[in-house]
A.B. asks: 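Provided herewith is a single structure, encoded as structure tokens, for subsequent inquiry.
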Protein chains: 2
Amino acid sequence: MDKFNLKLLELVQKNNRLTAEQLSEKVGLSPTACQKRLKKMREDGVIREDIAVVNRSKVGQSVTLIVEVTLESERPEYLDQFKKTMRNTPEVMQCFYVTGNADFIVILSAKNMKAYEDFTRRYFFENRNVKRFHTNVVMDEVKLGLSIPVELLEE
Amino acid sequence: MDKFNLKLLELVQKNNRLTAEQLSEKVGLSPTACQKRLKKMREDGVIREDIAVVNRSKVGQSVTLIVEVTLESERPEYLDQFKKTMRNTPEVMQCFYVTGNADFIVILSAKNMKAYEDFTRRYFFENRNVKRFHTNVVMDEVKLGLSIPVELLEE
DNA sequence: CGTGAAAGAGCGGACTT
DNA sequence: AAGTCCGCTCTTTCACG
């Protein structure tokens, strides 16, 4: 993790379709060196995945919700079961197991509030292990990213 | 937005480095048709960006926190000021303005708890407009994505 | 890490349905 | 309007210095 790799990460976190040549100009290495480094970071799992981000509002997904979920029991088998369900549920974009008042924080996407109501029925009300949940409706996506600022990274 | 585009979106949301040929096999169109469709979706903003996702734990960012923030005043000028600060703060990965108990939900990344403590001092305790905040420490990133499930999309 | 050649992928034009 | 085929160009890849 030297400054070249950090610079590469900074760039590809914003845009992973830059060519090796474009990267090389900004990084100060040869194109091939950039590619070799990126390949290694992908193999090592430093770069976890390369994805396209879709604009929700352009594909009929107009509401985003953040739900705090508390389970009846925090026994491992119930936790794992809940995690598995969240992973396999398409509406769920993100899910975190957390300390604090709630057990899970779930970020999900829906076509409209009716669709979310249906979701709560299926996954929360009909799940005996869900003790309670509290819904926050997103009014403004102030900032939305998965990127890590290079200022915070270490060599 | 026909079924071909939806299939393409499904694929590139998981991996945008697939070649046009690989896509064509799964989609059932020619490679060129896939490229043209993707190009158009990028131009139209349906695909918003193409990014590499970095594994935080491998670059010295070991803790993720989800914070519910309540402001003293919800007057527009204060809201906007807080939003602007969040957008410009590198530690903040995501920030949502929400209805519910809190005003904002902030997802942020830090090197360790000490670094988060410093963060709270700077941005929460020293901000007179922050009435209270509640921190959830992420123990497990169960699911982490910005993707939209294709099952939910409409043609 | 850089160079250079070979293989592969992307891009655009012309033609077809 | 959209898809396919084909050829050119740019990119990636890999062996070697």
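Fair warning: this is a prediction, and the values are worked out from it, not measured in the lab. What you see below is based on every heavy atom in this structure, not just the backbone, and it leaves out hydrogens, waters and symmetry mates. Lettering of chains follows the sequences in order, A, B, ..., and the numbering in each one begins at 1.
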A.B. asks: Any donor-acceptor pair under 3.5 Å between the side chain of B/K36 and the base of D/dT4?
C.D. replies: yes

A.B. asks: Closer to the 5' end of DNA chain C via nearest nucleotide, is it B/L18 or A/A33?
C.D. replies: A/A33

A.B. asks: Let's see if you can work this out: which of D/dT12, C/dG2, C/dA9 has an atom nearest to the side-chain heavy atoms of A/S30?
C.D. replies: C/dG2

A.B. asks: Kindly assign one of parallel, tilted or perpendicular to the pair A/F124 and A/F119, based on the angle between their ring planes and the thresholds 30° and 60°.
C.D. replies: perpendicular

A.B. asks: Please enumerate all residues that pass ring pair (Phe, Tyr, Trp, His ring centres under 6.0 Å) together with B/F125, with sequence neighbours excluded.
C.D. replies: B/F133

A.B. asks: Ignoring backbone atoms, establish whether A/R37 has a side-chain N or O less than 4.0 Å from OP1 or OP2 of C/dC1.
C.D. replies: yes

A.B. asks: Please check if any side-chain donor atom of B/Q94 sits under 3.5 Å from a side-chain acceptor atom of A/Q94, or the reverse.
C.D. replies: yes

A.B. asks: Among C/dG2, D/dG3, C/dG10, find the nucleotide with the atom closest to the side chain of A/L29.
C.D. replies: C/dG2

A.B. asks: Please state how far atom NZ in A/K40 lies from atom P in D/dC14, giving the value in whole angstrom units.
C.D. replies: 16 Å

A.B. asks: Out of D/dT11, C/dA9, D/dC14, which has the shortest distance to the side chain of B/T19?
C.D. replies: C/dA9

A.B. asks: What is the nucleic acid contact for B/T32, judged by heavy atoms within less than 4.0 Å: base, sugar-phosphate only, or nothing?
C.D. replies: base

A.B. asks: With the side chain of B/Q35 defined as its heavy atoms from C-beta on, choose the nearest nucleotide among C/dC11, C/dA9, D/dT12.
C.D. replies: C/dC11

A.B. asks: Should the heavy atoms of other residues, nucleotides or ligands under 6.0 Å from CD of A/E141 be counted, would the total exceed 12?
C.D. replies: yes

